[in-house]
Trainee: 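Pasting in a structure now, in structure tokens, and then I'll have a few things to ask.
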Amino acid sequence: MDLSGQVAIVTGASSGIGAAVGRRLAAAGMKVALVARSLDRLEAVAAEARAAGGSAQAYAADVTREDQVENVFAAIGHDLGSPDLLVNNAGIADKTPLEELTLARWRAVLDINLTSAFLCSRAAVRLMKPRRRGRILMVGSISALTPREDTAAYTASKFALDGLTRAIALDGRGHGITAGVIRPGSAMTNLVPGLDRLGPEQTMQPEHVADLIHCVAAMPAEINVLESVILPIGQPFLGRG
């Protein structure tokens with residue numbers, strides 16, 4: 001499916017997977033709205049996308065804040081039009097033993113990884129329903145299938161993100177709206193420190209995840225890819241633990 005001229009919103013787009021997704025969708029001809037808190041870093045990603053011939057604009061917002069989500073979706077709608085695609089990528093990792101995990105940290109992880117996806121998906125659905133079309137993609141984690149130790153908050157948020165995806169897919173089915181979750185393995189981003197100490201067979205680049213998201217986005221509008229896993233062939237996921 002030709003994505004030229006369609007509108008995509010990518011959250012957490014100032015670095016890592018989000019930045020790679022923004023550049024990849026812009027290269028595919030989409031009008032891309034890059035959303036994150038750091039405007040300077042967003043502008044740099046948007047400039048890279050435009051230098052490669054794509055269309056990208058930066059929008060600073062804290063997507064855990066309801067008012068800021070509503071405002072940024074209104075601004076994007078005014079500038080670019082209603083979204084055809086939303087990529088909920090904003091997120092943080094956390095590795096804290098359960099007995100040391102504070103309530104404040106628990107809430108922060110769930111807010112960024114889960115509440116932001118709820119707020120942005122709700123805003124997108126409100127715009128997609130009248131048009132009877134739209135696709136929402138969540139960037140989840142293989143931790144929703146097999147967690148690592150000392151990641152209670154992160155794992156809970158990613159399990160919940162799977163549930164949110166299924167609920168949106170069900171509710172959107174009668175309105176032409178699809179929802180799916182992409183679960184990456186270890187991608188070389190600044191989200192998880194120490195990945196550079198792993199061998200190349202156990203890591204992948206953010207661009208690999210971006211390529212998969214582009215493939216899903218280019219599926220016919222009536223086709224939903226509900227869930228998928230992308231990981232390095234050498235990552236100890238199958239059979240780990």
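A quick note: this is a predicted structure, and the numbers were derived from the prediction, not measured. Hydrogens, waters and symmetry mates play no part in the numbers below; they use all other heavy atoms, side chains included.
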Trainee: With side chains defined as the heavy atoms from C-beta onward, is the minimum distance between Thr165 and Glu227 less than 4.5 Å?
Mentor: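 A side-chain contact under 4.5 Å is absent here.
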
Trainee: Going by atom types alone, do Asp111 and Thr64 pair a side-chain donor with an acceptor below 3.5 Å?
Mentor: no

Trainee: Might you point out which heavy atoms bring Met219 and Val225 nearest each other, and give the distance in Å?
Mentor: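 Heavy atoms only, the tightest pair is CG-CG2, 4.2 Å.
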
Trainee: Going hydrophobic residue to hydrophobic residue with side-chain gaps under 4.5 angstrom, can you get from Leu127 over to Val87?
Mentor: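 In one cluster with Leu127: Val87, no.
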
Trainee: How far does CG of Asp94 sit from CH2 of Trp106, to the nearest 0.5 angstrom?
Mentor: 10.5 Å

Trainee: Is there a donor-acceptor contact under 3.5 Å linking the side chains of Asp40 and Ser38?
Mentor: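 Asp40 vs Ser38: no donor-acceptor pair found between side chains.
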
Trainee: Quick one, Ile136 and Leu86 - any side-chain contact, counting heavy atoms below 4.5 Å?
Mentor: yes

Trainee: Is there a side-chain contact between Arg122 and Leu119 in this structure, where contact means two heavy atoms from C-beta onward sitting under 4.5 Å apart?
Mentor: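 Sidechains of Leu119 and Arg122: in contact.
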
Trainee: Under 4.5 Å between side-chain heavy atoms, hopping through other hydrophobics if needed: is there a path connecting Ile17 to Leu212?
Mentor: yes

Trainee: Yes or no on side-chain contact (heavy atoms from CB on, under 4.5 Å) for Leu161 and Asn113, after CA distance, side-chain angles and deciding distance?
Mentor: CA-CA 8 Å; Leu161 193 63; Asn113 292 356; over 6 Å; no

Trainee: Could you give the distance from OG1 (Thr151) to NZ (Lys158), rounded to the nearest 0.5 Å?
Mentor: 11.5 Å

Trainee: Would you give the length of the straight line joining atom CG of Leu170 to atom CZ of Arg166, rounded to the nearest 0.5 angstrom?
Mentor: 11.5 Å

Trainee: Can you hop from Val109 to Phe159 via hydrophobic side chains spaced under 4.5 Å?
Mentor: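 In one cluster with Val109: Phe159, no.
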
Trainee: For residues Ala108 and Ile92, report the shortest heavy-atom separation together with the two atoms involved.
Mentor: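 That would be O-CD1, 4.4 Å.
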
Trainee: Locate the shortest heavy-atom distance separating Gly22 from Leu34; write the atom from each residue and the value.
Mentor: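 In terms of heavy atoms, the two residues are closest at CA-CD2, 3.8 Å.
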
Trainee: Examine distances only and state if a side-chain atom of Arg183 and a backbone atom of Ser143 form a donor-acceptor pair shorter than 3.5 Å.
Mentor: no

Trainee: Hey, could you give me the CG/CG distance between Asp162 and Leu226, rounded to the nearest 0.5 Å?
Mentor: 9.0 Å

Trainee: Can you list the steps and then say if Arg131 with Asp84 is a salt bridge (Lys or Arg N to Asp or Glu O under 4.0 Å)?
Mentor: CA-CA 9 Å; Arg131 303 173 64 208; Asp84 300 282; 3.1 Å; yes

Trainee: Okay, side chain of Lys95, backbone of Glu149: is any donor-acceptor separation there less than 3.5 Å?
Mentor: yes

Trainee: Can you get from Leu114 to Ile112 by hopping between Ile, Leu, Val, Met, Phe, Trp and Tyr side chains that sit under 4.5 Å apart?
Mentor: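 No, it is not one cluster - the side chains of Leu114 and Ile112 are not joined through contacts under 4.5 Å.
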
Trainee: Within the 4.5 Å heavy-atom criterion, are Val63 and Asn88 side-chain neighbours or not?
Mentor: no

Trainee: Quick check: is Ile9 connected to Leu39 through a chain of hydrophobic side chains (ILVMFWY, heavy atoms under 4.5 Å apart)?
Mentor: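 No.
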
Trainee: With the side chain counted from C-beta on, respond yes when Val125 and Ile177 share a heavy-atom pair under 4.5 Å apart, and no when they do not.
Mentor: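 Side-chain contact under 4.5 Å: yes.
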
Trainee: Grab the two heavy atoms, one from Ala169 and one from Asn224, that are nearest each other, plus how far apart they are.
Mentor: CB-ND2, 4.1 Å

Trainee: Can you tell me if Thr11 uses its side chain to pair, donor with acceptor, with the backbone of Ala90 under 3.5 Å?
Mentor: yes

Trainee: Which pair of heavy atoms, one from Gly18 and one from Val10, lies closest together, and at what distance?
Mentor: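 Distance-wise, the nearest heavy atoms are O-CG1, 3.6 Å.
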
Trainee: Could you tell me whether the side chain of Cys120 reaches within less than 4.5 Å of the side chain of Phe73, counting heavy atoms only?
Mentor: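 Heavy-atom side-chain distance check passes, below 4.5 Å.
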
Trainee: Please report the interatomic distance CE(Met30) to CG(Asp2), rounded to the nearest 0.5 Å.
Mentor: 10.0 Å

Trainee: What's the separation between atom OH in Tyr59 and atom CD in Glu43, rounded to the nearest 0.5 Å?
Mentor: 10.0 Å

Trainee: Is there side-chain contact between Ile213 and Arg24, with at least one heavy-atom pair below 4.5 Å?
Mentor: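 Ile213 vs Arg24: side chains apart.
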
Trainee: Does any donor atom in the side chain of Tyr154 or Ser141 lie under 3.5 Å from an acceptor atom in the other side chain?
Mentor: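 Indeed, the side chains of Tyr154 and Ser141 share at least one donor-acceptor pair under 3.5 Å.
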
Trainee: Salt bridge between Glu100 and Arg105, side-chain N to carboxylate O under 4.0 Å?
Mentor: no

Trainee: What heavy-atom pair brings Ile142 and Gly185 nearest, and what distance separates the two atoms?
Mentor: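 Heavy-atom minimum between the residues: CD1-CA, 3.9 Å.
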
Trainee: Going by heavy atoms in the side chains, are Pro184 and His208 under 4.5 Å from each other?
Mentor: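 Side-chain contact under 4.5 Å: no.
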
Trainee: Considering the options Arg135, Arg133, Glu222, Arg173, which one meets the side-chain hydrogen bond (donor to acceptor under 3.5 Å, both in side chains) requirement together with Thr178?
Mentor: Arg135

